[in-house]
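Every value quoted in this text rests on a predicted model; they were computed, and no experiment measured them.
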Amino acid sequence: MKNSYDLVVIGGGPGGYEAAIRAAQLGLSVACIEKRVHKGEPALGGTCLNVGCIPSKALLDSSHRYEATKHELADHGITTGDVQIDIAKMLERKDAVVKGLTAGVAGLLKGNGIDWLQGWGTLLDGKGEQKQVKFAPLEGEETTITAKYVILAAGSVPIEIPVAKTDGEYIVDSTGALEFSEVPKRLGVIGAGVIGLELGSVWRRLGAEVVVYEAMPEFLAVADKEISKEAAKLLKKQGLDIRVDTKVTNAEVVNGEVVVTTDVKGETKTETFDKLIVCVGRRAYSEKLLAEGCGIELTERGLVAVDDQCKTNLDGVYAIGDLVRGPMLAHKAMEEGMMAAERIHGEKAQVNYDTIISVIYTHPEIAWVGLSEQAAIEKGYEVKTGSFSLAANGRALAQGEGVGLIKVVADAKTDRLLGMHAVAVGAGEIVHQGMIAMEFVSSIEDLQLMTFAHPTISEAVHEAALSADGRAIHAIQRKKRK
């Protein structure tokens with residue numbers, strides 16, 4: 001540790017560590033401050049690697065393999081015996097994946113000559129040419145370090161609600177839901193967003209009866225309506241009891257069970273669960289991050305105010321990821337981190353916020369990029385759409401995944417692709433084709449003229465593009481071909 005650096009990054013999550021690495025590649029001296037201690041050890045990688053994206057995907061994969069083995073292999077002529085799940089072993093594997101990745105990030109920082117400072121970082125003064133940052137180590141005395149530039153990347157934490165206060169045992173947040181030592185017989189979930197659907201899916205596959213409460217009147221209102229309707233149908237068929245327009249008014253532990261009270265259009269109901277997961281969203285984590293008088297402006301929502309390049313109101317101070325406007329997504333934070341580092345170095349970097357992908361890792365996955373049909377209409381576009389069901393896709397049927405659909409949204413006047421949406425096996429990979437096409441300002445005709453390999457799931461992208469003009473080959477089109 002030194003007393004002064006070119007850049008201090010406060011936060012070692014995906015956005016923070018990528019910013020630190022990119023800055024070091026560009027020749028800056030860099031320190032990355034991270035306070036997290038995970039399972040007794042200091043850890044980089046933020047929420048994503050430790051208690052978010054990565055461990056949840058590990059459990060999603062394990063639970064999917066268990067369900068497929070138990071219920072789907074017979075269709076392939078494969079006979080199995082009495083299939084059992086070892087929860088402790090499943091959690092052990094999840095922890096090993098996390099530890100391997102976080103150790104890898106530590107190695108990347110070391111290999112790039114970055115000082116990893118284990119503890120709390122607080123911006124004391126960001127107004128001068130040399131910024132002052134207080135560093136409070138996990139062990140030892142506080143000190144003040146200076147830097148010409150600072151990147152704030154402290155991330156976010158789960159939102160707590162007064163009607164369902166978490167206790168870490170019966171009523172838990174998303175972190176606690178990754179550590180159940182046994183499968184709950186009945187599991188309640190507050191929030192039918194990304195986290196609620198994913199964690200609900202994990203424990204439903206392992207045998208829990210799952211009820212998901214959603215206060216909003218529509219399921220997945222942020223997604224394209226055609227996609228959210230199809231997703232709701234498939235998830236309910238799998239056994240997720242999703243209840244929209246249902247407000248949880250109280251949750252309390254009584255005799256080792258969680259009693260949940262809800263309001264459904266004025267009618268009060270109560271239900272009992274073994275566990276309750278509260279996942280109604282996340283909030284920017286700014287505790288101890290900003291000292292009083294440091295000079296940073298905040299928005300009405302408590303986010304750090306930034307411009308399109310993530311620059312704050314103070315010269316030389318940037319803020320990225322969940323601390324600022326936009327979706328709370330790891331890949332958005334990563335790109336903002338690299339943009340900030342390159343801007344500091346004098347580059348002309350910019351993030352294209354119009355092509356940020358969203359993915360929900362249920363099975364099938366739900367994913368989208370760009371504008372939904374409804375959003376495009378609201379923006380004044382004359383819209384044309386095309387969609388194609390995987391029930392008519394040879395590869396999907398061959399692997400027993402013939403459910404869901406892929407949809408494209410385009411400007412009817414210019415033929416420009418505005419968005420791609422999917423609920424399908426591998427949807428999170430599929431929509432990257434839409435993202436790349438949008439980055440190159442592709443038209444629907446461009447997609448129509450491309451040759452997609454057969455048999456692949458990606459052929460459904462081609463058919464959806466053809467469908468936009470009534471030309472799909474493997475579906476009966478309602479409108480005549482022009």
Side-chain angles (χ1 to χ4, degrees), residues 8-20 32-38 43-53 56 119-126 131 133-136 149-162 165-166 173-176 190-191 193-196 222 278-314 316-341 343 351 353 356 358:
V8 169
V9 180
I10 304 179
Y17 79 70
E18 288 212 6
C32 182
I33 302 175
E34 174 55 58
K35 64 173 178 53
R36 184 179 296 273
V37 175
H38 183 65
L44 291 161
T47 294
C48 178
L49 267 65
N50 290 278
V51 292
C53 314
S56 64
W120 297 80
T122 303
L123 180 64
L124 295 176
D125 185 358
K131 322 303 177 188
V133 175
K134 180 177 73 175
F135 171 57
Y149 302 99
V150 172
I151 296 178
L152 305 173
S156 63
V157 292
I159 292 174
E160 296 184 8
I161 54 176
K165 295 182 178 179
T166 58
D173 58 17
S174 57
T175 299
I190 304 178
V194 176
I195 300 171
V222 296
V278 181
C279 43
V280 295
R282 300 180 65 84
R283 64 174 178 82
Y285 188 73
S286 56
E287 281 79 354
K288 298 185 180 181
L289 177 65
L290 304 173
E292 186 176 350
C294 71
I296 289 290
E297 289 183 3
L298 301 178
T299 70
E300 292 180 356
R301 294 178 53 204
L303 301 172
V304 178
V306 293
D307 63 13
D308 288 344
Q309 290 78 42
C310 289
K311 184 180 179 298
T312 70
N313 60 298
L314 301 179
V317 181
Y318 292 75
I320 64 172
D322 293 358
L323 285 178
V324 304
R325 76 287 179 270
M328 290 184 171
L329 298 170
H331 46 284
K332 176 241 188 193
M334 292 173 174
E335 293 304 313
E336 288 179 332
M338 289 194 287
M339 174 178 68
R343 284 270 168 178
V351 172
Y353 290 99
I356 300 293
S358 294

Student: Give a yes-or-no answer on whether the side chains of E335 and Y353 include a donor-acceptor pair shorter than 3.5 Å.
Tutor: no
Student: With side chains defined as the heavy atoms from C-beta onward, is the minimum distance between L314 and I296 less than 4.5 Å?
Tutor: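 Touching, per the 4.5 Å side-chain cut-off.
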Student: When you measure from the side chain of N313 to the backbone N and O of G295, does any donor-acceptor pair fall under 3.5 Å?
Tutor: yes
Student: Do T312 and E297 have side chains that get closer than 4.5 Å, going by heavy atoms?
Tutor: no
Student: Enter the distance from I10:CD1 to K35:NZ here, rounded to the nearest 0.5 Å.
Tutor: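 Answer for the CD1-NZ pair, I10 versus K35, is 12.0 Å.
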Student: Are the side chains of E34 and V9 in contact, using a 4.5 Å heavy-atom criterion?
Tutor: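 Counting from C-beta outward, V9 and E34 never come under 4.5 Å.
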Student: Would I356 and V351 count as a side chain to side chain contact (heavy atoms under 4.5 Å, CB included) if you check the C-alpha gap in whole Å, the side-chain angles of each, and the deciding distance to 0.1 Å?
Tutor: CA-CA 9 Å; I356 300 293; V351 172; 4.2 Å; yes
Student: For residues G12 and C32, report the shortest heavy-atom separation together with the two atoms involved.
Tutor: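 Shortest heavy-atom contact: CA-SG, 3.8 Å.
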Student: Any non-hydrogen side-chain atom of R36 less than 4.5 Å from a side-chain atom of L49?
Tutor: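 They are not in contact (no side-chain heavy atoms under 4.5 Å apart), so the answer is no.
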Student: Over all heavy atoms of both residues, which pair between A284 and M328 is shortest? Give the atoms and the distance, please.
Tutor: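 Closest approach of A284 to M328: N-CE, 3.9 Å.
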Student: Evaluate the side-chain proximity of S174 to R282: yes if any heavy-atom separation is below 4.5 Å, no if none is.
Tutor: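 Result yes, sub-4.5 Å side-chain heavy-atom pair found.
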Student: Taking all non-hydrogen atoms of both residues, which atom of E287 and which atom of W120 are closest, and how far apart?
Tutor: O-CZ3, 4.0 Å
Student: What's the spacing between E336 CD and D308 CG if we round to 0.5 Å?
Tutor: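 With rounding to 0.5 Å, CD (E336) is 10.0 Å from CG (D308).
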Student: Should S358 and H331 be marked as a side chain to side chain contact (heavy atoms under 4.5 Å, CB included) after you check the CA-CA gap, both sets of side-chain angles, and the distance that decides it?
Tutor: CA-CA 10 Å; S358 294; H331 46 284; over 6 Å; no
Student: Quick check: closest heavy atoms across S56 and G52, and the distance to 0.1 Å?
Tutor: OG-O, 2.8 Å
Student: To the nearest 0.5 angstrom, please state how far the CZ atom of R343 sits from the OH atom of Y149.
Tutor: 13.0 Å
Student: Within the structure provided, determine whether L290 and L123 are in side-chain contact (heavy-atom separation under 4.5 Å).
Tutor: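 Side chain of L290 against side chain of L123, heavy atoms only: contact under 4.5 Å found.
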Student: Rounded to the nearest 0.5 Å, how far apart are CD of E160 and CZ of R283?
Tutor: 7.5 Å
Student: Grab the two heavy atoms, one from G45 and one from P14, that are nearest each other, plus how far apart they are.
Tutor: O-CD, 3.5 Å
Student: Counting distance only, does the side-chain N/O of K332 pair as donor-acceptor with the main-chain N or O of G321 below 3.5 Å?
Tutor: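 Judged by distance alone, yes, a pair lies under 3.5 Å.
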Student: Which residue in the set L298, L289, V306 passes side-chain contact (heavy atoms from CB on, under 4.5 Å) when paired with L323?
Tutor: L289
Student: Any heavy-atom pair between the side chains of P158 and V278 that's under 4.5 Å?
Tutor: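 Of all side-chain heavy-atom pairs linking P158 with V278, none is under 4.5 Å.
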Student: Test side chain to side chain contact (heavy atoms under 4.5 Å, CB included) on K131 and V8; report intermediate values, then the result.
Tutor: CA-CA 9 Å; K131 322 303 177 188; V8 169; over 6 Å; no
Student: Counting C-beta onward and ignoring hydrogens, is there a side-chain heavy-atom pair between D322 and T47 closer than 4.5 Å?
Tutor: no
Student: Testing T122, I33, L124 one by one against V133 for a side-chain contact (heavy atoms from CB on, under 4.5 Å), which residue passes?
Tutor: I33
Student: Would you name the heavy atoms of D307 and R325 that are closest together and state the gap between them?
Tutor: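 Heavy atoms only, the tightest pair is O-NH2, 3.2 Å.
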